[in-house]
Q: 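Supplied in structure tokens, the structure appears directly below.
Quick note on labels: first sequence line is chain A, next is B, and so on, each numbered from 1. These figures come from a predicted structure and were not determined experimentally.
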Amino acid sequence: MSSSEGEDNVPLAKRRATNDAVNGNGNVASDDPSKDTTNGVKAEKASDSEDDVPLNGRASRAKAKTPATNGSAKKRTATAAKANGTTTPKAKRAKKEESSETPKPKVKKETSTSSAKSKVKKETPSPAEKKKSKVKSESPGPSNNTGEEEDDEEEERKWWEDMGQEDDTQKWTTLEHNGVLFPPPYEPLPNSVRLIYDRKRVVLKPEAEEVAGFFGAMINTQHAENVVFQQNFFNDFLRVLEESGGAQTEDGKSIELTDFHKCDFTEIFNHYEKLRNQKKALSSIEKKKLKAERDAMEEKYKTCLIDGRREPVGNFRIEPPGLFRGRGKHPKTGKLKARVQPEQVIINIGKDAVVPEPPEGHEWAEVRHDNTVTWLANWKENINGNNKYVLLAASSSMKGKSDFKKFEKARELKKHVKRIRADYRKELDAQKTEHRQRATAMYLIDVLALRAGGEKGEDEADTVGCCSLRYEHVTLKPPNIVVFDFLGKDSIRYYQEVEVDKKVFRNLKIFKKNKTEGDDIFDRLDPSILNRHLQNYMPGLTAKVFRTYNATYTMEQQIDKIPNEGTVGEKVVAFNAANRTVAILCNHQRSVAKGHEASVGKIEDRLKELNWEKTRLKKKILQLDKGEKKKDPQYFEEIDTFTKEEIAEIQAKIIERDQIRAERKFQRENEKLEAEGEKVQGDDVWKERQAKVDEKAAAFKEELKSGNPALKNTDTVEKLKEQVKKLEDRITNTSLQLKDKEDNSTVALSTSKMNYIDPRITVMFSKKFEVPIEKLFTKTLREKFAWAIESADEKWRF
DNA sequence: AGTGTAACTTAGCAAGGAGGGA
DNA sequence: TCCCTCCTTGCTAAGTTACACT
């Protein structure tokens, strides 16, 4: 709604990220800097120019306060909000709670369902409440839900119409669900399939065999070639082997396994490969039937009831055991990810709901009734000790609300960004190193969209973000070019040569002084310090909000540049180009698809061919009328661009292709005839076909010699010119396609579309440019962003 | 004040299915 | 019509951030 008032933002210069990602298989693509197409980047976004907002007491106070302050976050939040004049929902709540008798529920472990419930009920009798009681009466048995109440759906889904006054410490009032789905038990291999060790087939207990199977099934992947992965797998395998009583040869002698390289998994691999193929080979009817069976069995897990509304559950499946596929140089990659037992799983559910039954003979670790969290179940994973959660699906109102809030927060930042930028510009000169570092980091986060960059442990992959940048990640090229080269989240390489503000350059130089490889550049800074500082400007402001803000802002700028003309297809391409700018800003890469090079090569060949065909047409024109050349010499300039060798090559390719096509066609026709019980075509037919190909080849040869294509007697100058035109269209189209393919080969558009670009921008584009939303959002995305599709119009502004 | 952890959000990859061109 | 490509979908790893704890 807030119309773009300000040019407070110079659009980001185009940058080109490198494709040198780690491919997720632990192989850091060995650096080949020559490959890095690096364009210098001008980074000057936060120009203090025309700063009409008075830098009033607020800013200076915030600044003065920050260093000394160690008051509670709550206090600061309230102050900031007050100073702000804008009473955000959060601030309102804070005020409310201060005055209300009940202190803010400090709930973490113990459940305050009842107290929190009653409190909220008194304060906000929301529409959802009313519905709740209504549905409640309809569905008596909590957990035998099969998704009936379809009637009041439209009503249900419009949570976005009354956003803003909800309590976000309490996530639900009633919650019913059917728990989680465990993976099927291990099915031992048939006796014909064994691990082979030192050329001997060995017998394993199912426990050990399962682990060997995990590896065996993936020996064709990159993981299996990673030495760390092999080591970690083998250690865990040996441990399980020992625990299960060791291995025997087939004649019953016990055998000790000690050397990974003596293991031969081919039998196991072939077995699983066979199963995969069998599954693939099923008829579509059988596949459908199996799917229907699976769906029926999973039905009850797919939804839950929250405050009486039926909501989709996301990952209700407990993660199956396997080998941990840590990314990049993760030290634990390949370790055994153990099977999760019900005894490890905590169920979170409403107090009055029926608790789902654990699998026969088992029990849940705990049944909890914590309404301050959104998860339905959780367990601790054994590799890193992380918690895994069963959460609602992206299309649920719970996720929708939090998405909505995320984007609203980014929009809120728009109001403050000018001042924040002015401040960190000024603070680039601060006396205190801490402040100078903070300002420099803010610059990087704002301009380059870096992540916050928290500290990481020894037992994780060595990746960094802004605050954790080290000496070796930043190279300075005077006067003010900085080369960033580091592995970020997911071990994706960030490589960027950037022209930065002179002060930033100077500061980085200072921060690097007297340090060496391994030392933190920002040694006085970490995300919590940075975020604490940001809270002074705006409640809830953190480093990551800048990524959202800048992504959406950039998208809006890009869209504003698109002319509202042309076909839908052209508009979609333009939209994607805008999207790509954002993806590049956020460094969203993907590894190049396996067949990419080949398929690009194919298109290039095709282009070459088309261009050659064009020169042929023009040569034909000249044969018909030499005078044409005088009329328009430029038009005929290109006719000699191809050397004889190139032409020969192109011709050979065409003939080769024709040959293959002719053969294939002939074969297929015969197969069909045979299937229909008719007589197949004989040699004579084939000879005819072959002759045609040979004829063309001969004509080509002749043409190569003479330099002139043979004319057809239907050819006229006009017709030929028309053909040239058509060819030109095809050429433009094909090169556009090629460019798109190349541009997209290393850039992932989906991540920014899904997580960073306010969907209302896309909806605005859809409406303003009359491009159906289906062309911009997939079905899942449309479900996820239903709130945006309904609430934004063609005038919507970020 | 620093550290650890819970709770989410963000991320790229693999498999599979839909859709489009020869 | 068939194949192949491309895109979606599902999966789970890897981040961030708030907050509890000491």
Q: In degrees, rounded to 10°, what is the bend between the two ends of the helix from dA1(B)-dT22(C) to dA22(B)-dT1(C), using five pairs at each?
A: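 Comparing the first five pairs with the last five, the axes sit 10° apart.
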
Q: Pick out the pairs of N or O atoms, protein on one side and nucleotides 14-16 of chain C on the other, that lie under 3.5 Å.
A:
residue	atom	partner	partner atom	Å
dA14(C)	OP1	Arg327(A)	N	2.7
dG15(C)	OP1	Thr463(A)	OG1	2.8
dG15(C)	OP1	Asp490(A)	N	3.1
dG15(C)	OP2	Lys456(A)	NZ	2.4
dT16(C)	OP1	Ala452(A)	N	3.4
dT16(C)	OP1	Gly453(A)	N	2.7
dT16(C)	OP2	Gly454(A)	N	3.2

Q: Locate the shortest heavy-atom distance separating Ala551(A) from Tyr756(A); write the atom from each residue and the value.
A: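 Minimum heavy-atom separation between Ala551(A) and Tyr756(A): CB-CB, 3.6 Å.
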
Q: Nearest to the Lys406(A) side chain among dT10(B), dC13(B), dA6(B), which nucleotide is it?
A: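 Nearest to the side chain of Lys406(A) among the choices is dT10(B).
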
Q: On DNA chain C, nearest-nucleotide positions of Glu381(A) versus Val545(A): which is more 5'?
A: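 Nearest nucleotide further toward 5': that of Glu381(A).
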
Q: May I have the step-by-step check of salt bridge (charged side-chain N to carboxylate O under 4.0 Å, His left out) for Asp446(A) and Arg547(A), ending in yes or no?
A: CA-CA 7 Å; Asp446(A) 186 22; Arg547(A) 254 167 98 80; over 6 Å; no

Q: In whole Å, what is the span from the NZ atom of Lys399(A) to the C1' atom of dC8(B)?
A: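 Roughly 7 Å, once rounded to whole Å.
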
Q: The criterion is side-chain contact (heavy atoms from CB on, under 4.5 Å); which residues satisfy it with Lys775(A), sequence neighbours excluded?
A: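 So Lys775(A) forms a side-chain contact (heavy atoms from CB on, under 4.5 Å) with Val568(A), Val572(A), Val771(A), Pro772(A).
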
Q: Counting only heavy atoms from other residues, nucleotides and ligands, does the tally under 6.0 Å from NZ of Lys692(A) exceed 12?
A: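 No.
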
Q: Run the numbers on Phe785(A) and Phe777(A) for ring pair (Phe, Tyr, Trp, His ring centres under 6.0 Å), then give the verdict.
A: CA-CA 9 Å; Phe785(A) 293 137; Phe777(A) 281 152; 5.3 Å; yes

Q: Below 3.5 Å between N/O atoms, which protein atoms pair up with nucleotides 20-22 of chain B? Just atom names and distances, please.
A:
residue	atom	partner	partner atom	Å
dA22(B)	O3'	Arg661(A)	NH2	3.0

Q: For Asn387(A) and Asp403(A), take the nucleotide of DNA chain B holding the closest heavy atom to each; which residue's nucleotide lies nearer the 5' end?
A: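 Its nearest nucleotide lies further toward 5', so the answer is Asn387(A).
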
Q: Taking 4.0 Å as the cut-off, does a side-chain nitrogen or oxygen of Arg547(A) come that near to OP1 or OP2 on dT17(C)?
A: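 Negative; the distance criterion is not met.
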
Q: Which is more 5' along DNA chain C, the nucleotide nearest Lys388(A) or the one nearest Phe777(A)? Just name the residue.
A: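 The residue closer to the strand's 5' end, by nearest nucleotide, is Phe777(A).
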
Q: For Lys489(A), which residues count as a salt bridge (Lys or Arg N to Asp or Glu O under 4.0 Å) partner, sequence neighbours excluded?
A: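 Scan of Lys489(A) (salt bridge (Lys or Arg N to Asp or Glu O under 4.0 Å), adjacent residues dropped) gives none.
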
Q: Below 30° counts as parallel, above 60° as perpendicular, anything between as tilted: where do the rings of Phe316(A) and Tyr301(A) land?
A: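 Plane angle under 30°, so parallel.
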
Q: With the side chain counted from C-beta on, respond yes when Lys337(A) and Pro321(A) share a heavy-atom pair under 4.5 Å apart, and no when they do not.
A: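 Lys337(A) does not reach Pro321(A) side chain to side chain.
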
Q: Applying side-chain contact (heavy atoms from CB on, under 4.5 Å), can you list everything that pairs with Lys332(A), at least two apart in sequence or on another chain?
A: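 Phe324(A), His330(A), Lys335(A), Ile383(A), Asn384(A), Asp459(A).
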
Q: Ignoring hydrogens and geometry, is there a side-chain-to-backbone donor-acceptor pair from Glu311(A) to Cys304(A) under 3.5 Å?
A: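 Not confirmed, Glu311(A) side chain does not pair with Cys304(A) backbone.
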
